[in-house]
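Note sheet for the following structure.
Letters A, B, ... are given to chains in the order of the sequence lines, protein chains preceding strands, and every chain is numbered from 1.
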There are 2 protein chains.
Amino acid sequence: MHEATLTIGQLADRSGVAPSALRYYERLGLIRAERTGGNQRRYARTELRRVAFIRISQQVGVSLEEIREALASLPSGRTPTPDDWAALSRAWRNRLDEKIRLLGKLRDDLDGCIGCGCLSLQRCTLYNPGDALAAEGSGARLMLPRPGPDAA
Amino acid sequence: MHEATLTIGQLADRSGVAPSALRYYERLGLIRAERTGGNQRRYARTELRRVAFIRISQQVGVSLEEIREALASLPSGRTPTPDDWAALSRAWRNRLDEKIRLLGKLRDDLDGCIGCGCLSLQRCTLYNPGDALAAEGSGARLMLPRPGPDAA
DNA sequence: CCTTGAGTTGAAGTGCGCTTCAACTCCGAG
DNA sequence: CTCGGAGTTGAAGCGCACTTCAACTCAAGG
């Protein structure tokens, strides 16, 4: 009881993430696991934190690849300290702030567009997400929606 | 010569949405087009507004299916008036407000968690998927509680 | 030892939001 | 009338984030 490591089922239960997803994360290099003699995964408890970070980041709209890159900034040799995590979280916080700001702008623009009836026009600030984001965000690439790269 | 209707290429140029996407939207019932004798699509200019609404909504993280439902609330008989659009936009505005609120909460929680080191714990408000901050990105995924016979 | 439930793998499937392709038609300028 | 770019279709493919499946092994209780 309360052992040093977790089975995949235990990690799944505690994190709320399906085992299949955890295996998938591992394949992508987002989390790690040791193996028992019988080849079963055993997770260090710190992996719980990584999984939490992954899910939280996803809620902010970050892709797994980007999350992988972020996690790669954690020290590989030692167990990450609270400071290590704080550094990551700060970066995400900026992302959140920027995202909140953009949504606020979108909302205000939407209000404006209700009044002016310009909803269909490109010149409307609502309708040029790329420019609007690039023009103002020092935080760089934010919430470009899914549409393909050459939707031009 | 500023004609009454637009070809798919014209609509694509003016809306910034690829023709293939426009056909896809039509298949899903998000936009409509008349046909020429030769079976080519001709779009009423009001479709521009629908397309704009679609793209804006996607930025807020709404799925095409939900957008379809929203658009279905527009009057089918007549051309939607500014008031019709305003009603839709108001609903979206609420959505934006809610989303902004959730992101703010996420940010504050993240701050709190940096301090308390609870990033890995379920009791952390960050980690409660119930809020379904659906994020944008590839298809709004709900963080479904794991399917399966947990209860069984 | 036997059984049972949890875990293992690679491969294939799913859903969304499209894009690409092949094969064909339309339409307007010359 | 010819030509070529724009348009048409259904079917297939893609990228992401997973899930499901089949076939198998492991681990622990009786």
Side-chain angles (χ1 to χ4, degrees), chain A residues 1 3 5-31 33-43 51 54-55 57-69 144-152, chain B residues 1 3 5-31 33-43 51 54-55 57-69 129 134-150 152:
Chain A
M1 33 169 59
E3 327 218 340
T5 59
L6 302 167
T7 66
I8 195 169
Q10 290 168 336
L11 182 56
D13 288 345
R14 297 185 68 98
S15 67
V17 176
S20 59
L22 294 174
R23 293 194 196 97
Y24 179 66
Y25 293 164
E26 186 176 334
R27 271 218 332 261
L28 298 190
L30 276 75
I31 58 177
E34 322 241 293
R35 296 303 182 113
T36 65
N39 197 36
Q40 297 199 352
R41 289 171 181 82
R42 287 299 181 273
Y43 296 94
V51 175
I54 291 165
R55 299 305 271 205
S57 303
Q58 282 190 305
Q59 286 182 52
V60 189
V62 184
S63 73
L64 290 183
E65 170 56 21
E66 285 185 281
I67 296 170
R68 195 193 55 72
E69 288 165 18
L144 291 177
R146 218 79 298 251
D150 75 335
Chain B
M1 264 206 32
E3 327 216 342
T5 60
L6 302 167
T7 66
I8 194 168
Q10 289 167 338
L11 182 57
D13 288 345
R14 298 185 67 98
S15 67
V17 175
S20 59
L22 294 174
R23 293 194 194 96
Y24 179 65
Y25 293 164
E26 186 177 335
R27 272 218 332 261
L28 298 191
L30 276 75
I31 57 177
E34 323 239 292
R35 296 303 180 112
T36 64
N39 197 37
Q40 297 199 353
R41 289 173 180 81
R42 287 300 181 271
Y43 295 94
V51 175
I54 293 165
R55 300 304 272 206
S57 302
Q58 283 190 305
Q59 286 182 52
V60 189
V62 184
S63 74
L64 290 183
E65 170 56 21
E66 284 184 282
I67 296 170
R68 194 192 58 71
E69 288 165 19
E136 89 282 40
S138 57
R141 304 173 307 282
L142 289 175
M143 300 181 66
L144 298 173
R146 297 206 286 124
D150 281 354

Could you tell me whether the phosphate oxygens of dC18(D), OP1 or OP2, come under 4.0 Å of any side-chain nitrogen or oxygen in Q58(A)? yes

Hey, does R35(B) reach any base, or is it just sugar-phosphate, or nothing, if we go heavy atoms under 4.0 Å? sugar-phosphate

When you compare the side chain of V17(A) with that of R55(A), does any pair of heavy atoms fall below 4.5 Å? yes

Hey, does the side chain of R55(B) come within less than 4.0 Å of dC18(C)'s phosphate (OP1/OP2), counting only N and O? yes

How close or far is atom C1' of dG10(C) from atom CD of E26(A), stated in whole angstroms? 14 Å

In this structure, how many angstroms lie between the P atom of dG7(C) and the CG atom of N39(A), rounded? 13 Å

Could you give the CZ-to-C1' distance, from R27(B) to dA12(D), as a whole number of Å? 12 Å

At what distance, to the nearest 0.5 angstrom, does CZ of R68(A) lie from CG of L30(A)? 7.5 Å

Separation of dT19(C) atom C1' from L64(B) atom CG, nearest Å, is 15 Å

Start at the 5' end of DNA chain D and walk down; is the nucleotide closest to T36(A) or to L22(A) reached first? L22(A)

Any salt bridge between E26(A) and R35(A), counting N to O under 4.0 Å? yes

Which heavy atom in I31(A) sits nearest to a heavy atom in I54(A), and how many Å separate them? CG2-CD1, 3.8 Å

Please state how far atom CD in E66(B) lies from atom P in dG17(C), giving the value in whole angstrom units. 10 Å

When you measure from the side-chain N and O atoms of S63(B) to the phosphate of dC16(C), is any distance below 4.0 Å, counting only OP1 and OP2? no

Take atom CD1 of I8(A) and atom P of dC26(D), then tell me their distance rounded to the nearest Å. 17 Å

Nearest-nucleotide pick for A21(A), side chain only, options being dT8(C), dC18(D), dT19(C): dC18(D)

Give one of base, sugar-phosphate or nothing for R23(A), where a contact means two heavy atoms less than 4.0 Å apart. base

Value in whole Å for how far the C1' atom of dC18(D) lies from CD1 of I67(A): 14 Å

Candidate nucleotides dC26(D), dG7(D), dC18(C), ranked by approach to the side chain of T7(B) - the nearest: dG7(D)

Could you tell me how far apart D13(B) (CG) and dG7(D) (C1') are, to the nearest whole angstrom? 14 Å

Do any side-chain nitrogens or oxygens of Y25(B) fall under 4.0 Å of OP1 or OP2 in dC18(C)? yes

Respond yes when some side-chain nitrogen or oxygen of R41(B) is under 4.0 Å from OP1 or OP2 of dT9(D), and no when none is. yes

As an exercise, state the distance from CZ of R42(A) to CD1 of I8(A), rounded to the nearest 0.5 Å. 10.0 Å

Nucleotide of dA6(C), dT19(C), dT8(D) approaching Q40(A) most closely (side-chain heavy atoms): dA6(C)

